[in-house]
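Structure first, then comments.
Sequence positions, counted from 1, serve as the residue numbers for this chain.
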Amino acid sequence: MAPSPKMAQDSLGLVSNCQFWLQKLSIWEQASTLETQQDICLHLPRFQEFLMQVYQSLKEMNSNTAVERVPIIGQVLTKSCWNPFILAYDESQKILIWCLCCLINKEPQNSGESELNSWTRGLLSHLLSAFRFDIKEFGVFTQGLGYEPVDYCPGVLENMVLSLVSELKESRSDGFNTPSRMAPERVTSLSRVCIPLVTLPDIKPLLEALLTYHGHGSQEILWPEFFEAVNEAFLLRKISLPMSAIISLWLRHLPSLEKAMVHLFEKLISSERNCLRRTESYIQASWLPQAACHPAIFRMVDEMFRITLLETDGAPEILALLQVFTRCFVEALERENKQLRFALQTYFPYATPSLATMLLQLPEAIQGCQLQPLQYISDLLREAVEDQTYGSQGHPFESWFFFVHFGGWVNTVAELLLKSEDDPPVALLWLLAFYYSPQDGRLQREQTMVELKAVLGRLRTLFRSTSLTATDLQALENSTTEARPAWRQLVRRLLLDFLLWAPGGHAIARETIALMAGTDELTHEIIGFLDQTLYRWEHLGIEPPRSGKLARELLQELRAQV
């Protein structure tokens with residue numbers, strides 16, 4: 001059967017790639033110079049992608065077709081199987097085994113197929129025995145590490161690694177330029193040689209020693225590709241590292257920290273939307289909150305959140321992610337330091353120390369009346385945002401960005417305003433208005449507070465009503481249709497809180513939410529609110545039985561709709 005146009009095109013692409021890599025492999029056969037070793041290390045990730053392409057093609061055809069369409073495939077696989085750098089890198093050895101298995105004929109029909117089977121089995125035998133570290137080919141690594149070639153036996157690699165680790169530690173602790181100190185260029189060379197080996201368990205102590213090694217100069221002496229390889233293997237869970245090594249990696253190579261954040265965002269985007277428990281597990285597993293106990297890493301991570309919030313115009317999903325991250329960070333900080341090693345000002349330089357101390361407590365940590373600390377928080381924020389003592393306003397976004405780290409306080413404000421029989425305190429009205437519309441000026445915010453007070457008055461009347469209906473709440477929501485998006489979001493949030501706390505709210509909750517959730521985006525907003533509420537109650541350990549049961553049922557029903 002003639003190949004389809006697509007198959008023919010794929011074969012041409014594979015042949016072209018094989019020709020390119022065969023030339024490279026021929027050059028790499030003499031990996032005796034540092035330049036050649038460097039070239040191998042730089043190309044290993046791309047070469048592994050090429051091997052996966054070969055495997056994807058081979059598994060779709062029989063061995064005869066493969067040899068016919070790609071005549072040089074045998075040379076490519078042979079040279080790959082005898083290159084120790086390739087075999088050491090990540091999953092390349094495993095992919096090579098897959099490729100060879102595709103070429104085996106289960107029932108050879110002629111001498112040619114029998115010879116192909118014999119050749120394939122020979123390479124498979126070599127691959128399956130090669131990495132017991134007792135082959136002469138591995139001597140190329142010893143030369144790169146500064147040792148003479150030897151015939152390997154089990155245990156030699158381990159002894160070599162331990163010797164190098166010891167030498168690095170001695171060099172790190174030696175403040176004098178003595179002959180025993182490892183030369184910077186040798187450390188650089190060592191980091192380069194380790195690039196294809198980062199996933200080997202025997203090399204792990206050497207990776208940790210290199211990451212925590214600091215020379216006496218101001219220039220970085222480890223290869224950037226070394227940091228990239230280690231970070232990639234760590235993010236993909238192919239290696240584990242102690243916290244000291246993780247912190248050193250991300251402090252010394254900012255692109256690795258940025259990639260760790262991007263990796264976290266990608267995992268969260270691809271997972272179920274509005275599920276904070278899963279979000280928390282991903283964040284904890286990333287080790288970013290634990291590493292952020294170092295102020296420099298926290299500041300860099302925080303800046304990435306800041307940029308993301310600006311680019312997404314304060315998207316609720318990013319706000320929720322920031323707040324969960326902050327909770328994980330605070331818990332890590334408490335585990336590491338009963339008394340803070342670093343002043344809070346080093347983590348939040350744009351906030352006053354007294355405000356940082358108050359917000360870091362989290363509302364659930366304050367026993368008794370929470371109104372007083374909330375008034376104190378409001379006064380400090382308002383002074384920072386609106387005080388014109390020095391002739392100009394403060395920076396509202398910086399104050400808002402700091403405040404939104406601790407979203408639990410906003411939840412507390414909304415609940416207090418709904419449940420209280422007294423007139424709503426101005427301080428609490430200001431906090432809610434500022435949280436939802438930080439860009440407003442003083443006059444606009446004061447007008448928002450007046451409107452907010454009127455909405456709360458109406459909700460309090462409905463709170464006491466014995467004939468509450470969904471249309472009552474719908475009428476209140478519809479009165480905001482011409483208002484700004486942030487104001488409508490605030491009103492919807494108060495209505496949802498009302499449904500969970502009002503005596504008659506449970507009976508009309510489903511009908512009211514059906515009227516509110518007119519679009520997929522509004523449905524996701526309601527799902528997000530319910531998920532955040534349940535997440536907060538779980539952490540507080542105070543989930544109200546009836547409200548909690550209702551919230552879970554509503555959440556499950558809405559998730560089934562989207």
**Request:** For this output row, return yes or no: ring centroids of Phe406 and Trp409 closer than 6.0 angstrom.
**Result:** no
**Asked** Using 30° and 60° as the class limits, which term best fits the ring planes of Phe47 and Trp21: parallel, tilted or perpendicular?
**Response** perpendicular
**Asked** For the residue pair Tyr350 and Phe402, does the interplanar ring angle fall in the parallel (under 30°), tilted (30 to 60°) or perpendicular (over 60°) class?
**Response** perpendicular
**Message:** If the test is ring pair (Phe, Tyr, Trp, His ring centres under 6.0 Å), which one of Trp287, Phe298, Phe305 qualifies with Phe329?
**Reply:** Phe298
Donor-acceptor contacts under 3.5 Å from residues 245-252 side chains, at least two apart:
from   : atom 1 : to     : atom 2 : distance (Å)
Ser248 : OG     : Leu211 : O      : 2.3
Trp250 : NE1    : Asn231 : OD1    : 3.0
Arg252 : NE     : Glu220 : OE1    : 3.1
Arg252 : NH1    : Leu210 : O      : 3.3
Arg252 : NH1    : Leu211 : O      : 2.7
Arg252 : NH1    : Tyr213 : O      : 2.6
Arg252 : NH2    : Tyr213 : O      : 3.2
Arg252 : NH2    : Glu220 : OE2    : 2.6

**Prompt:** For Met243, does its backbone N or O pair with a side-chain atom of Gln290 as donor and acceptor, under 3.5 Å?
**Reply:** no
**Item:** Glu280 side, atom CD; Glu331 side, atom CD - distance, nearest 0.5 Å
**Value:** 6.0 Å
Below 3.5 Å, can you tabulate the donor-acceptor pairs from side chains in residues 351-358 to any protein atom, sequence neighbours excluded?
from   : atom 1 : to     : atom 2 : distance (Å)
Thr352 : OG1    : Leu355 : N      : 3.4
Thr357 : OG1    : Pro353 : O      : 2.8

**Asked** Less than 4.0 Å between a side-chain N and a carboxylate O, is that true for Lys79 and Glu29?
**Response** yes
**Prompt:** How far does OG1 of Thr78 sit from CG of Leu25, to the nearest 0.5 angstrom?
**Reply:** 10.0 Å
**Message:** Would you say the rings of Trp28 and Phe85 are close, in the sense that their centroids are separated by under 6.0 Å?
**Reply:** no
**Prompt:** For the side chain of Ser189 and the backbone of Glu185, is there at least one donor-acceptor N/O pair under 3.5 Å apart?
**Reply:** no
**Request:** Please check if atom CZ in Arg552 has more than 12 non-hydrogen atoms from other residues, nucleotides or ligands closer than 6.0 Å.
**Result:** yes
**Charged N-O contact under 4.0 Å between Glu167 and Arg186** = yes
**Main-chain N/O of Phe226 paired with Ser191 side-chain donor or acceptor, under 3.5 Å** = no
**Request:** Compare all side-chain heavy atoms of Leu87 with those of Ser92 and state whether any distance is below 4.5 angstrom.
**Result:** no
**Message:** To the nearest 0.5 Å, what is the distance between NZ on Lys267 and CG on Leu264?
**Reply:** 8.0 Å
**Prompt:** CG/Leu268 to SG/Cys275 distance, rounded to the nearest 0.5 angstrom?
**Reply:** 10.5 Å
Acceptor/donor pairs from residues 232-240 side chains to any protein atom, 3.5 angstrom cut, sequence neighbours excluded:
from   : atom 1 : to     : atom 2 : distance (Å)
Glu232 : OE1    : Lys259 : NZ     : 2.5
Lys238 : NZ     : Asp90  : OD1    : 2.5
Lys238 : NZ     : Asp90  : OD2    : 2.6
Ser240 : OG     : Lys204 : NZ     : 3.0

**Request:** Report yes or no: does Ser286 contribute a side-chain atom to a donor-acceptor pair with the main-chain N or O of Ile283 at less than 3.5 Å?
**Result:** yes
**Message:** Does atom CD (Glu303) have a neighbourhood of more than 12 heavy atoms from anything else shown, all under 6.0 Å?
**Reply:** yes
**Prompt:** Are side-chain N/O atoms of Asp39 and His43 paired as donor and acceptor at under 3.5 Å?
**Reply:** yes
**Prompt:** Does any N or O in the side chain of Asp531 come within less than 3.5 Å of the main-chain N or O of Leu276, such that one atom is a donor and the other an acceptor?
**Reply:** yes
**Message:** Within the 4.5 Å heavy-atom criterion, are Ile95 and Val54 side-chain neighbours or not?
**Reply:** no
**Asked** With the threshold set at 4.0 Å, does a side-chain nitrogen-carboxylate oxygen contact exist between Glu49 and Arg46?
**Response** no
